[in-house]
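Atom set for the values below is all heavy atoms of this structure, side chains included, hydrogens, waters and symmetry mates excluded. Since we're looking at a predicted model, the values are computed, not measured.
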Amino acid sequence: MAKELKQLTKRADNYSQWYNDLVVKADLAEQAPVRGCMIIKPYGYAIWEKIQAGLDKEFKKLGVQNAYFPLLIPKSFFAREAEHVKGFAKESAVVTHYRLKTADDGSIIVDPEAKLDEELIIRPTSETMIWHTYKNWIHSWRDLPIKCNQWCNVMRWEMRTRPFLRTSEFLWQEGHTAHASKEEAQAEAEQMLHVYADFVEKVMDVPVVQGVKSPTERFAGALETYTIEAMMQDGKALQSGTSHFLGQNFAKSFDVTFLNKENKPDYVWATSWGVSTRLMGALIMTHSDDNGLVLPPALAPIQVVIIPIYKNAEQLKAISDKLQPVIDQMQQLGISVKFDDSDNKRPGFKFADYELKGVPVRLVMGAHDLENNTVEVMRRDTLEKANVSFDGITELVKGLLDDMQKSIFEKAKTFRDAHIYECDNYDEFKERVKDGGFFLCHWDGTAETEARIKEDTQATIRCIPYGVEQTPGTDMVSGKPAQHRVIIARSY
C-alpha cells in the first residue's frame with residue numbers, strides 16, 4: 001500500500017488527476033463499462049448513505065414524505081413545458097423499443113417489431129411525471145401543501161464526465177412540493193436552500209455561499225433558482241445544491257388546479273429541490289490532501305481504527321483484552337470503531353490504507369504500550385501523533401472527533417475566505433480568474449455581459465450572493481450601471 005500511495009498524484013502537480021486517483025485508490029468508485037457511468041464501491045456508498053440519512057432526517061422534520069415515481073417518462077410529457085424540454089433535450093436518453101431478439105447469425109439485435117407507440121425518456125428529472133400525478137391528488141386547498149421527495153437515480157447524457165462530479169447516471173434526491181399560494185411556495189424554496197446549506201456546512205464541513213442564480217443559469221422551467229456554491233482547493237466553484245421556485249408553470253402545463261378558500265379555481269404553486277452524489281465530489285476536493293481522504297467524523301464510515309501490533313497470539317490476546325472495554329465504551333457513545341487484528345497485512349500497510357481512506361482517528365497499541373499503559377493516537381486531519389496514557393482514552397478520542405469536526409470546517413472556511421476577491425477591473429479579472437477564486441464583481445444584469453465573460457474566461461456568474469452589501473456600481477465589462485455584485489468563478 002505504501003508503494004501504491006506514492007502513486008497518488010500530488011495536488012500541486014495535477015489537481016484533476018489527483019482527484020481521479022483518489023476516487024479509485026480510496027475505494028470510493030470506479031468506472032463502469034457504460035460510458036460516463038460509475039460503480040460506487042461499498043466504502044464510497046457508506047459515505048453516501050450517511051449523507052442520505054442526515055438529509056432525510058432534516059426533510060422529515062419539515063413534513064416531507066418520501067415516495068417513488070417511475071424511471072420512464074412519456075415523451076409527450078416533456079412537450080408540455082417548453083422551457084423544461086429545451087433545458088434537458090440534449091441530455092435525454094430515449095427508449096424506443098421494448099424487446100431484443102436473436103438474429104440468424106446468433107447476434108443479439110433490437111426487435112424492429114417491438115417499437116414503442118410512444119418513446120420513453122429515462123428521467124433526467126421528474127417534474128413532468130410528478131405534476132401529471134399531482135393532478136390526480138389535488139382538488140381543494142385542503143389537499144395542500146403536498147411535500148414529496150424521492151431518492152433515486154437519474155440519467156443525463158453528459159459529454160464530459162468525472163466520477164461523482166458529473167456522470168451520465170447519478171444518485172440524488174428530488175423534492176417536489178405543491179402549495180396554495182405564491183408566498184408559501186417561495187418560502188419553501190428558500191427554506192430548503194437553508195436546509196442544504198446547514199447540512200453541508202455543519203455535517204460535511206464544506207463552507208458555502210448561498211444566493212440566487214442569474215436568469216441564464218436558472219433551472220429549466222423555474223422562475224427563480226437558489227443555489228449553494230462551494231469552493232474547491234483549486235479555487236473552482238462547485239454548485240452543491242439547488243432549490244427552485246417553479247411558480248405555476250408546471251401546474252398550468254399539466255392543468256393542476258384547486259378550489260381555494262373562496263371556492264374559486266386556481267393553479268397550484270410549485271417548488272423542486274435536489275442534491276446529488278456530486279456532494280461526494282465536494283467532500284473529497286474540499287478537505288483531502290496528498291495522503292488521501294480527509295473525512296469529517298460525522299460522515300466517516302469508520303471513525304476510529306485500532307491496530308494492535310503483536311508478535312504472537314498471546315500478545316494479541318493481551319492487547320485485545322485491554323482494548324475491548326474501550327471499544328465497547330466508544331460504541332455505546334455512537335462512535336464507529338474497527339479493530340483490525342488481521343494478520344495478512346503489515347502494520348505499515350494498514351497505516352497507509354486507513355490514512356488514504358480518511359479514517360479520522362487511529363489508535364495503535366503494541367507490547368511496549370501494554371506494559372506502560374499507553375497508546376499511540378493519530379488524528380487524520382493534521383497527521384499529529386502522540387503517545388498518551390491509556391486511562392481516559394475514550395474521552396480523549398471523543399474530544400478529538402468533536403474538535404476535528406470543527407477544525408476541518410474552519411480550515412476550509414479560512415481557505416475559502418482568503419480566495420474571495422473584490423474586482424471591478426476586467427483586465428485584472430481576466431488575468432486572475434485563471435488561478436481560481438470567487439470574484440465579487442458588479443454586473444449590469446444583462447445576458448450579453450454574462451455571455452461575454454463566459455466566452456472570454458470560461459468563468460460564469462455563480463450567484464447573486466446573500467450576505468453581501470449590494471451597493472450600486474459600474475459593470476467592469478460593459479461600463480453600464482450595475483445594481484448589485486455577483487460571484488463569478490470558473491466551475492466544475
Side-chain angles (χ1 to χ4, degrees), residues 29-41 45 48 52 65-138 146 148-164 166-176 178 219-221 244 246 249-256 270 272 274-278:
E30 62 186 42
Q31 295 290 345
V34 179
R35 190 201 69 82
C37 295
M38 63 177 173
I39 296 164
I40 304 176
K41 300 180 76 172
Y45 199 81
W48 174 244
Q52 183 180 27
Q65 296 178 302
N66 286 334
Y68 186 79
F69 297 86
L71 172 71
L72 300 176
I73 302 173
K75 188 175 72 172
S76 60
F77 284 20
F78 278 80
R80 297 191 193 181
E81 218 297 323
E83 287 301 313
H84 189 68
V85 70
K86 187 167 69 174
F88 287 102
K90 294 181 180 179
E91 300 174 343
S92 294
V94 185
V95 178
T96 59
H97 292 73
Y98 61 85
R99 187 169 60 221
L100 302 173
K101 74 173 189 176
T102 304
D104 294 339
D105 63 359
S107 62
I108 303 297
I109 63 170
V110 173
D111 187 344
E113 296 181 0
K115 187 171 174 35
L116 292 169
D117 293 334
E118 179 178 2
E119 293 163 338
L120 300 172
I121 312 300
I122 300 176
R123 64 174 167 231
T125 182
S126 297
E127 277 79 3
T128 56
M129 176 60 74
I130 285 172
W131 280 91
H132 171 81
T133 304
Y134 280 180
K135 179 176 174 61
N136 299 321
W137 294 3
I138 299 169
I146 292 176
C148 280
N149 173 67
Q150 71 168 341
W151 294 92
C152 63
N153 61 340
V154 292
M155 175 71 73
R156 296 180 185 175
W157 208 256
E158 298 281 359
M159 297 305 295
R160 291 179 295 274
T161 61
R162 184 177 298 176
F164 295 117
R166 193 175 293 277
T167 51
S168 296
E169 181 194 14
F170 56 89
L171 305 182
W172 78 346
Q173 59 73 209
E174 49 177 323
H176 299 269
F219 176 77
H244 316 291
L246 302 175
N249 288 351
F250 284 92
K252 289 177 179 178
S253 297
F254 288 86
D255 193 29
V256 185
S272 66
V275 297
S276 73
T277 37
R278 172 175 280 205

Is a side-chain donor-acceptor pair under 3.5 Å present for S126 with Q150?
-> yes

Heavy atoms only: give me the nearest D111-H97 pair and the separation to one decimal.
-> O-CD2, 3.2 Å

If you count the non-hydrogen atoms of other residues, nucleotides and ligands that lie under 6.0 Å from CD in Q65, is the total more than 12?
-> no

Judged by modelled atom types alone, do E158 and S168 share a side-chain donor-acceptor pair under 3.5 Å?
-> no

Quick one: closest heavy-atom pair of A178 and W131, and the distance?
-> CB-CH2, 3.7 Å

Do F164 and L171 have side-chain heavy atoms sitting under 4.5 Å apart?
-> no

Heavy-atom side-chain proximity of M155 to E91 below 4.5 angstrom = no

Apply side chain to side chain contact (heavy atoms under 4.5 Å, CB included) to T96 and L116, showing your working.
-> CA-CA 6 Å; T96 59; L116 292 169; 5.8 Å; no

Taking only residues two or more places apart in sequence or in another chain, which ones pass ring pair (Phe, Tyr, Trp, His ring centres under 6.0 Å) with H244?
-> F219

Spatial distance of atom CH2 (W48) from atom CD1 (I40) [nearest 0.5 Å] | 8.0 Å

Given the rule in the side chain to side chain contact (heavy atoms under 4.5 Å, CB included) test, do N153 and L71 qualify, once you have shown the distances and angles that lead to the verdict?
-> CA-CA 8 Å; N153 61 340; L71 172 71; 4.0 Å; yes

Check the angle between the aromatic planes of F170 and W172 and answer parallel, tilted or perpendicular using the 30° and 60° thresholds.
-> perpendicular

Do the side chains of L100 and I109 get nearer than 4.5 Å, heavy atoms only?
-> no

E119 to K115 - nearest heavy-atom pair and separation | OE2-NZ, 4.0 Å

Do any N or O atoms from the side chain of S253 and from the backbone of N249 form a donor-acceptor pair under 3.5 angstrom?
-> yes

Does V275 reach the side chain of Q173, with side-chain heavy atoms less than 4.5 Å apart?
-> yes

Close side-chain approach of P74 and M129, heavy atoms under 4.5 Å | yes

Honestly, is R80 close enough over F77, meaning NZ or CZ under 6.0 Å from the six-membered ring centre and within 45° of the axis?
-> yes

Any idea which heavy atoms bring D255 and K135 closest together, and the distance?
-> O-NZ, 2.9 Å

Exercise: identify the closest heavy-atom pair between S92 and F88 = OG-O, 2.8 Å

Should the heavy atoms of other residues, nucleotides or ligands under 6.0 Å from CG of D117 be counted, would the total exceed 12?
-> no

Give a yes or no on whether the backbone of H176 and the side-chain of Y134 come within a donor-acceptor separation of less than 3.5 Å.
-> yes

Interatomic distance, OG1@T167 vs CD@Q31, rounded to 0.5 Å, equals 9.5 Å

Is a side-chain N or O of R123 found less than 3.5 angstrom from the main chain of F69, in a donor-acceptor match?
-> yes

Under the side chain to side chain contact (heavy atoms under 4.5 Å, CB included) rule, what do L246 and S272 come out as? Steps first, then yes or no, please.
-> CA-CA 7 Å; L246 302 175; S272 66; 3.8 Å; yes

Side-chain heavy-atom pair I121, L72 within 4.5 angstrom cut-off | no

Side-chain heavy atoms of I146 within contact of C148, under 4.5 Å = yes

Taking the side chain as every heavy atom from C-beta outward, state whether R35 and W157 have any atom pair closer than 4.5 Å.
-> yes

Test: E118 and K75 ion pair at under 4.0 Å | no

So, for E127 and F250, which heavy atoms are closest and what is the spacing to 0.1 Å?
-> CB-CE2, 3.5 Å

